[in-house]
2 protein chains.
Amino acid sequence: MNDLRFPTALQMVLSLAVAREAKRRCTSMELATGLGANPALVRALLVPLSRANIVTTTIGKNGGVELARAPEEISLREVYFAIIDDKRLFERRTNVPSVCVVSTNIGSFFEELATEVEDAMLTKLGQRTVAQSLMEIRRIDAARIANVTEIVAD
Amino acid sequence: MNDLRFPTALQMVLSLAVAREAKRRCTSMELATGLGANPALVRALLVPLSRANIVTTTIGKNGGVELARAPEEISLREVYFAIIDDKRLFERRTNVPSVCVVSTNIGSFFEELATEVEDAMLTKLGQRTVAQSLMEIRRIDAARIANVTEIVAD
DNA sequence: TCTTAATGTAAGCATTACGATTACACTTAG
DNA sequence: CTAAGTGTAATCGTAATGCTTACATTAAGA
């Protein structure tokens with residue numbers, strides 16, 4: 001089973017960015033509906049997002065979720081890091097015996113390699129903000145609609 | 001459970017690069033010993049490596065495995081791609097309903113994003129060859145030995 | 001030709017991590 | 001006081017992978 005936490009959290013944040021334009025809050029139920037998922041799953045993901053100061057949750061009646069900052073100020077790297085954090089992209093083997101120069105040092109080497117590759121990935125994510133991503137989503141939507149119209153016209 | 005195929009294959013290829021210097025072949029048993037793993041596991045990974053022309057296997061008595069090319073000519077990207085291939089780094093959610101502009105287009109958007117991030121990672125891996133990696137391993141080993149000597153001297 | 005040493009491959013079990021759901025405690029507006 | 005929210009724990013199902021065993025296949029060499 002693949003890890004869907006990042007795509008899920010990303011969609012949540014993007015939906016919150018849309019709601020923010022209307023100065024609205026979302027409930028975990030609304031977010032769950034957009035995902036085709038369960039509100040409890042959404043709330044579980046809200047915990048680390050809240051801890052990272054990406055969203056703000058309000059308990060009680062009329063409560064809900066909103067972005068803690070302007071979407072221009074939130075990078076996808078922050079979202080990824082808030083959600084994933086501990087898990088390394090590449091995990092190394094454990095219990096490798098020391099029987100040659102390779103087996104003895106592969107652990108350190110792989111750690112270096114994994115860090116470097118992971119940094120490259122995070123840098124890429126750091127170059128994108130939530131605001132830009134929302135613009136991109138709308139660009140994709142416009143293209144989709146234009147395409148549908150064209151097909152209908154045939 | 002984390003996917004250990006890439007680190008496993010990488011160690012195998014590095015061990016084969018060492019063996020190549022001595023003009024030796026390795027058996028899957030030898031490689032498995034260095035990994036602390038089972039020969040059948042090694043042989044399963046040998047199949048895609050062989051298909052990608054990274055290693056050459058020889059069946060029968062006195063058979064075994066060797067690098068198919070010089071270690072300078074094999075990038076870590078090739079090793080990664082040979083082993084992982086199908087599996088995307090980021091998987092998107094399935095069955096997302098179309099209830100708003102975000103949920104309707106998040107799939108396409110995430111696909112674009114995942115491709116870009118994955119390319120960044122593969123580029124990083126493409127900049128490293130097996131030969132360079134082996135040199136790096138030996139550098140780490142030398143540093144480790146120097147450190148041990150220093151501690152013993154205290 | 002027979003034995004031996006190797007790869008190729010399929011089948012089955014255990015483990016792990018995550019998704020999904022349910023349930024309930026807690027909080028706050030009106 | 002009630003309704004509408006979040007916070008969180010517990011449980012189950014499932015998919016992917018590692019690990020192991022077993023056996024078929026192949027080829028060298030006595």
Inset, instruction - Using heavy atoms to find the nearest nucleotide of DNA chain C for B:Val47 and A:Thr8 separately, return the residue whose nucleotide is more 5′. - result: B:Val47

Inset, instruction - Strictly below 4.0 Å, heavy-atom distances to any atom of DNA chain D: list the hits from residues 55-62 of chain B, or just say none. - result: B:Ile59, B:Gly60, B:Lys61, B:Asn62

Legend entry - Sidechain N-carboxylate O distance under 4.0 Å for A:Asp141, A:Arg144: yes

Legend entry - Atom-pair distance (CG on B:Leu49; P on C:dT7), nearest Å: 14 Å

Inset, instruction - Could you grab the distance from atom CD1 of B:Ile83 to atom CG of B:Leu10, nearest 0.5 Å is fine? - result: 10.0 Å

Legend entry - Parallel, tilted or perpendicular: rings of A:Phe6 and A:Tyr80 (30°, 60°): perpendicular

Legend entry - Close residues, residues 38-45 of chain B, relative to DNA chain C [heavy-atom separation under 4.0 Å]: B:Ala40, B:Arg43

Distance-only donor-acceptor pairs under 3.5 Å for side chains of residues 37-62 of chain A, two or more places apart:
| unit_1 | atom_1 | unit_2 | atom_2 | d |
| --- | --- | --- | --- | --- |
| A:Asn38 | OD1 | A:Ala40 | N | 2.9 |
| A:Arg43 | NH1 | A:Ser28 | OG | 2.9 |

Legend entry - Interatomic distance where CG belongs to B:Leu35 and P belongs to D:dC19 [whole Å]: 9 Å

Legend entry - 5′-ward residue of the pair B:Gly64/B:Arg93 relative to DNA chain C: B:Gly64

Inset, instruction - Write down the distance between CD (A:Glu30) and C1' (D:dT6), rounded to a whole number of angstrom. - result: 14 Å

Legend entry - Interatomic distance where CD belongs to A:Glu91 and P belongs to C:dC18 [whole Å]: 11 Å

Inset, instruction - Taking A:Arg25 for its side chain and A:Gly64 for its backbone only, find out whether a donor-acceptor pair lies under 3.5 Å. - result: no

Legend entry - Between P of D:dA27 and CZ of B:Arg25, the distance in whole Å: 12 Å

Legend entry - Atom-to-atom span, CG of B:Asp3 to P of D:dC19 - whole angstrom: 11 Å

Legend entry - Lys/Arg-Asp/Glu bridge criterion (N-O < 4.0 Å) met for A:Arg24, A:Glu66: no

Inset, instruction - Report yes or no: does B:Glu30 contribute a side-chain atom to a donor-acceptor pair with the main-chain N or O of B:Thr27 at less than 3.5 Å? - result: yes

Inset, instruction - Report whether A:Leu122 and A:Val130 are members of the same hydrophobic cluster (ILVMFWY, side-chain heavy atoms less than 4.5 Å apart, transitive linking). - result: yes

Legend entry - Under-4.0 Å salt bridge between A:Arg128 and A:Glu72: no

Inset, instruction - Quickly work out the B:Leu4 CG to D:dC19 P distance and round it to whole Å. - result: 7 Å

Legend entry - Whole-Å gap separating P (C:dT7) and CE (B:Met29): 11 Å

